[in-house]
Amino acid sequence: QVQLVESGGGLVQPGGSLRLSCVASRIIFRIYTLGWYRQAPGKQRELVASISSRDITNYADFVKGRFTISRDNAKNTVYLQMNSLKPEDTAVYYCNINSSYWGRGTQVTVSS
């Protein structure tokens with residue numbers, strides 16, 4: 001079974017940074033598009049960023065210029081570097097592979 005494990009979430013002050021990681025197992029990682037999604041209480045899950053097998057990236061407007069998605073195929077890992085965090089970034093962040101497989105999520109809370 002495909003397994004995705006997210007890590008790196010936590011509590012951070014506005015303007016701070018976090019780096020999320022997602023490690024995949026039992027999958028040919030390099031051939032798939034990868035994504036980070038988030039879901040805040042009372043809201044629908046939304047795409048934050050994606051990266052294709054060719055390293056083409058796509059970002060939601062609300063994170064463009066602040067977040068960076070990257071991948072390390074040798075480590076079966078996708079990262080989300082989050083800078084200049086805002087309270088509205090507070091959500092559970094989920095790793096996704098090829099719009100098919102999901103991790104369990106990691107909580108990010110941005111608060112003073």
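Quick note: numbers below take in every heavy atom, side chains included, and nothing from hydrogens, waters or symmetry partners.
Nearest heavy-atom pair across Cys22 and Leu4 is SG-CB, 4.0 Å. Here the closest non-hydrogen pair linking Thr77 and Ser21 is CG2-CB, 4.3 Å. A pairwise comparison of heavy atoms in Lys75 and Tyr79 identifies CD-OH, 4.1 Å as the closest pair. In terms of heavy atoms, Ser70 sits closest to Val78 at O-CG2, 3.2 Å. Taking all atoms of both residues into account, the shortest heavy-atom contact from Tyr59 to Ile69 is OH-N, 2.9 Å. When every heavy atom of Leu18 is checked against every heavy atom of Leu85, the shortest pair comes out as N-CD1, 3.9 Å.
With Thr106 contributing its side chain and Gly9 its backbone, the two residues share a donor-acceptor pair below 3.5 Å. In this structure a side-chain-to-backbone donor-acceptor pair under 3.5 Å is missing from Tyr93 to Val48. Under the 3.5 Å distance criterion, the side-chain polar atoms of Ser111 are left unmatched by any main-chain donor or acceptor of Thr109. Using a distance-only test at 3.5 Å, with no hydrogens or angles considered, a donor-acceptor pair links the side chain of Asn76 to the main chain of Ala24. The main-chain N or O of Cys95 is found under 3.5 Å from a side-chain atom of Glu6 such that the two form a donor-acceptor pair. At least one donor-acceptor pair closer than 3.5 Å links the side chain of Asp72 to the backbone N or O of Ala74. Between the side chain of Thr90 and the backbone N or O of Glu88, no donor-acceptor pair lies under 3.5 Å.
No side-chain heavy atom of Leu11 sits less than 4.5 Å from a side-chain heavy atom of Val108. Side-chain contact between Tyr94 and Arg45: present, with at least one pair of heavy atoms (C-beta onward) separated by less than 4.5 Å. Residues Ile31 and Asn98 form no side-chain contact, since every pair of their non-hydrogen atoms from C-beta on lies 4.5 Å or further apart. Side-chain contact between Phe29 and Leu34 is present, with heavy atoms from C-beta onward closer than 4.5 Å. Counting heavy atoms from C-beta on, the side chains of Met82 and Asp89 never come closer than 4.5 Å.
A cation-pi arrangement is absent between Arg71 and Tyr32 under the rule of less than 6.0 angstrom and at most 45 degrees off the ring axis.
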Test salt bridge (Lys or Arg N to Asp or Glu O under 4.0 Å) on Asp61 and Lys64; report intermediate values, then the result. CA-CA 5 Å; Asp61 287 341; Lys64 194 170 296 183; 3.7 Å; yes
Would Glu46 and Arg38 count as a salt bridge (Lys or Arg N to Asp or Glu O under 4.0 Å) if you check the C-alpha gap in whole Å, the side-chain angles of each, and the deciding distance to 0.1 Å? CA-CA 6 Å; Glu46 61 186 353; Arg38 71 186 188 187; 3.0 Å; yes
Apply the test side chain to side chain donor-acceptor pair (under 3.5 Å) to residues Ser17 and Asn83: give CA-CA distance (whole Å), side-chain angles for both, the deciding distance (0.1 Å), then the verdict. CA-CA 4 Å; Ser17 298; Asn83 300 324; 2.9 Å; yes
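Surrounding CD1 of Ile28 are at most 12 heavy atoms belonging to other residues, nucleotides or ligands under 6.0 Å away. The number of heavy atoms from other shown groups lying within 6.0 Å of CZ (Arg26) does not exceed 12.
For Trp36 and Phe67, the gap between ring centers reaches or exceeds 6.0 Å.
Transitive grouping of hydrophobic side chains (ILVMFWY, heavy atoms separated by less than 4.5 Å) brings Leu80 and Val12 into a common cluster. Grouping the Ile, Leu, Val, Met, Phe, Trp and Tyr side chains by contacts below 4.5 angstrom, directly or via other members, places Ile97 with Ile51.
Rounding to the nearest 0.5 Å gives a distance of 7.0 Å between OG of Ser84 and CZ of Arg66.
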